Amino acid sequence: MKKASLSLISKLNRQRFRGISPLLSRDYISVNSPSSSSSLHSMDHRIQFCAKTPGLVYPCRNLSTLVEKPNQLPSRQRKRKEKSDLEEAFESAETSEEMLRAFKDMEACFDERDVGLASLKIGLKLDQEGEDPEKALSFADKALKALDQDGKPSILVAMALQLMGSVNYSLKRFNDSLGYLNRANKLLGRLEEERVASVEDIRPVMHAVQLELGNVKTAMGRREEALGNLKKALEIKEITLENDCKELGVAYRDLAEAYASVLNFKEALPFGLKALEIHRKELGNNSVEVAHDRRILGVIYTGMEEHEKALEQNELSQKILKNWGLSSELLRSEIDAANMQIALGKYDEAINTLKGIVQQTDKDSENRALVFISMGKALCNQERFADSKRCLEIACGILDKKETVSPIEVAEAYSEISMQYETMNEFEIAISLLKRSLALLEKQPQEQHSEGSVSARIGWLLLLKGEVPQAIPYLESAAEILKESFGSKHFGVGYIYNNLGAAYLELDRPQSAAQMFAVAKDIMDVSLGPHHVDSIETCQNLSKAYSAMGSYPLAIEFQLRVVDAWEGHGASAEDELREAQHILEELKTRARCTSTNQFPTKALPLPQHSLASRNSHPNVSFNQNSAGSMR
């Protein structure tokens, strides 16, 4: 790819991972149209770019936007001269206001396709500025209608579709955005397959479309699906950029963060390490990019429960942030460190760390609330419940004032506080906080995954309280939302179906229970493996459901699987094996005499760090030994 196109690609990833964000067409303005006597039409069939400022990439006028004029201009008609002057004014415009003034005069003189091309350039410029998306949308729509009249595939039409997707994204019209981007993606595939355009010309637009698809799907809560688009975008960067350039390092880190956001820490780790390797080599050990890489590595290691490694990355990141005087980021990093100390069981050390941090925070700041949440967590782990509650009450008092300003952050904080009250068996307070969190998240479409997680947790707590009918709607809603967000085979979805099975069995609906347990078992066998303790418990529950239905042959079949699985755990599971064997003998007896069963059915809690956690906030607890460890 030519150097100018490389410049374009490098500008397309200037954003950081809130999830995955900014609008890609904002980072390029390109031109391409058939040749004709008009100077707008003189642009060749390649996308040509040149960097005029560090932040934007513009069409290179000397390559493609003006007809090369001889030294002596022949005499021309007045109308043609006026038209040429209008085009010159448009092409030389540097601001959107100048472009719009020139465009107004051009509309009466130029044909529809030329007006469409100018509309595309203005739309891209307005989208880059991001101040008036409605106006950008009007120009994008005008461009698409003018350029897509003959139905033939072209780079220009793909760019117009991508622009429509980008602007609709900024207007939070996610379904419309997804539709335009899917059309652009399909069209670019045709261009490549039919060789209508060169691969070098297609790649910049394809990268923009793939990254934007990742943005939109993330905003719609379809994070697992978004990963595929983000990975394709990275693959394009790997082809077009130099192996060790900074932009490629940022792309690796963004993908690591995306994997961490769906709790796939194993996949996230190599991308995070690659980002660190590139930035250390190119920028040195003291660069801010290296600090950011170490932050995400700390999150990943925490998710993998390698807390010592997480703390090491945090400490190295703090040194860099101190050197650069980035006090706000440093403060968050210090709070993260305290949470890592809590995860390691170093409660006194964490409390001392937090006492030092609280002095640096403003009275009603979100950071102060986070400090008190972490303090409450440490005290809760020490079973100093009265002191813990006082800290959590202070945090809630601060957060209550921040709901309208920072709804997502407050919702996450309420969820974290609820976990501490749950640990203290204060279920009513925990549920109340989760409902407040849910009310905030329901208004945030991009937080669909968090909404599903909170709903699942409410259902779980209602089950613990014995309020089974009230629990079922929350669990059913959570299952549907999280299947959409994380995919149907995510282990967290398996836990929800297991809990639904337990609820239906409690309501004496064994057939519904068996269906739910069967779905849960299939998911857990895939995501955790059939010998994971929670997969075994789900198999046990399935046996229980069939027993309740009087289907003893099936109940015995699944109980035999339970026995085999516990045998595979060896001496560490002797008690579980004995219990499983006892239940098997009971089933065989009942199969002969059809007596009533009284085996316990186990509902499984969602892991605390499974679906509600966000990698951008490492203060969320990651303190269980396995994805499905029982309380």
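Values in this document were obtained by computation on a predicted structure and should not be read as measured data.
Ion pairing between a basic and an acidic side chain is recognised when a charged N comes within 4.0 Å of a carboxylate O; Lys521 and Asp525 show such pairing. Residues Lys266 and Glu306 are not paired through a salt bridge, judged by the lack of any N-O separation under 4.0 Å between the basic side chain and the carboxylate. Under the 4.0 Å criterion applied to side-chain N and carboxylate O atoms, Arg295 and Glu257 are assigned as salt-bridge partners. The residues Glu312 and Lys309 are annotated as not salt-bridged, no charged nitrogen and carboxylate oxygen being separated by less than 4.0 angstrom.
Rounding to the nearest 0.5 Å places OG of Ser418 at 7.0 Å from CZ of Arg457. Of the inter-residue distances, the one linking Thr302 atom OG1 with Asn339 atom CG reads 9.0 Å to the nearest 0.5 angstrom. From Arg253, atom CZ reaches atom CZ of Phe271 across 14.5 Å, with rounding to the nearest 0.5 Å. Atom-to-atom distance recorded for Cys396:SG and Ile429:CD1 is 9.0 Å, nearest 0.5 angstrom. The distance from atom NZ of Lys172 to atom CD of Gln444, rounded to the nearest 0.5 Å, is 7.5 Å. Note that the CZ atom of Phe174 and the CD atom of Gln446 stand 6.0 Å from one another [nearest 0.5 Å].
Heavy atoms from other residues, nucleotides or ligands lying under 6.0 Å from CD of Glu506 number 12 at most. Residue Lys135 places its NZ atom among 12 or fewer non-hydrogen atoms of other residues, nucleotides or ligands, all under 6.0 Å distant. The local environment of NZ in Lys402 is crowded, with over 12 non-hydrogen atoms from other residues, nucleotides or ligands closer than 6.0 Å.
In this model, a donor atom of one side chain and an acceptor atom of the other lie less than 3.5 Å apart for Asn314 and Gln318. Side-chain atoms of Arg294 and Ser317 form no donor-acceptor pair, as typed in the model, at a separation below 3.5 Å. Side-chain contact, Tyr180 with Glu212: no donor N or O sits under 3.5 Å from an acceptor N or O. Residues Glu416 and Gln420 bring a donor and an acceptor atom of their side chains to less than 3.5 Å of each other. Inspection of the Ser261 and Arg223 side chains reveals an N or O donor paired with an N or O acceptor under 3.5 Å. Side-chain atoms of Gln382 and Asp348 form a donor-acceptor pair, as typed in the model, at a separation below 3.5 Å.
Two residues are said to be in side-chain contact when any heavy atoms from C-beta on lie closer than 4.5 Å; Pro133 and Asp127 fail this criterion. Counting only heavy atoms from C-beta outward, the side chains of Glu366 and Ser406 approach each other to under 4.5 Å. For the pair Arg390 and Leu379, the minimum side-chain heavy-atom distance is 4.5 Å or more. Two residues are said to be in side-chain contact when any heavy atoms from C-beta on lie closer than 4.5 Å; Leu213 and Leu178 meet this criterion. When side chains are defined from C-beta on, Leu137 counts as touching Glu134, because their heavy atoms get closer than 4.5 Å. Looking only at side-chain heavy atoms (C-beta outward), Val562 and Ser543 stay at 4.5 Å or farther from each other. Inter-residue side-chain proximity for Leu297 and Leu269 is flagged as met; some heavy-atom pair is nearer than 4.5 Å. Using a 4.5 Å heavy-atom cutoff, the side chains of Tyr495 and Leu528 are in contact.
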What do the steps show when you test Leu311 against His307 for side-chain contact (heavy atoms from CB on, under 4.5 Å), and what is the final call? CA-CA 6 Å; Leu311 193 57; His307 301 298; over 6 Å; no

One pair to check against side-chain contact (heavy atoms from CB on, under 4.5 Å): Glu426 and Leu392. What are the steps and the verdict? CA-CA 13 Å; Glu426 297 279 359; Leu392 298 177; over 6 Å; no

Decide side-chain contact (heavy atoms from CB on, under 4.5 Å) for Ser415 and Leu434; before the verdict, give the C-alpha distance in whole Å, the side-chain angles of both, and the deciding distance to 0.1 Å. CA-CA 6 Å; Ser415 295; Leu434 287 171; 4.0 Å; yes

Might you work through the side-chain contact (heavy atoms from CB on, under 4.5 Å) test for Lys435 and Tyr474, ending with a clear yes or no? CA-CA 11 Å; Lys435 287 182 176 179; Tyr474 286 103; 3.5 Å; yes

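Between the Thr353 side chain and the Glu349 main chain, a donor and an acceptor come within less than 3.5 Å of each other. Within the 3.5 Å criterion, the main-chain N or O of Glu484 finds no donor-acceptor partner in the side chain of Arg222. No donor-acceptor distance shorter than 3.5 angstrom exists from the side chain of Asp362 to the backbone of Ser365, with no hydrogens or angles considered. In terms of modelled atom types and a separation under 3.5 Å, the side chain of Ser488 and the main chain of Lys483 share no donor-acceptor contact. Side chain of Asn168 to main chain of Met164: a donor-acceptor pair is present (N/O by atom type, distance under 3.5 Å, no hydrogens or angles). Without hydrogens or angle criteria, Ser437 side chain to Leu433 main chain gives no donor-acceptor distance under 3.5 Å. The backbone N or O of His531 sits nowhere less than 3.5 Å from a side-chain atom of Ser535 that would complete a donor-acceptor pair.
Counting all heavy atoms, side chain and backbone alike, Ala258 lies closest to Leu230 at CB-CD1, 3.7 Å. Heavy atoms only, all atoms of each residue included: Ala471 and Gly459 are closest at CB-O, 3.4 Å. Here the closest non-hydrogen pair linking Val216 and Ser177 is CG2-OG, 3.2 Å. Closest heavy-atom contact between Ile496 and Leu482: CD1-CD1, 3.4 Å. A pairwise comparison of heavy atoms in Ala136 and Val167 identifies CB-CG2, 4.0 Å as the closest pair. Between Thr538 and Ala520, the shortest heavy-atom contact is CG2-CB, 3.7 Å.
Using a 30° and 60° split on the angle between ring planes, His449 and Phe486 fall in the perpendicular class, above 60°.
Paired with Val493 under the rule side-chain contact (heavy atoms from CB on, under 4.5 Å), one option of Asn498, Ile523, Ile481, Val519 passes, and it is Ile523.
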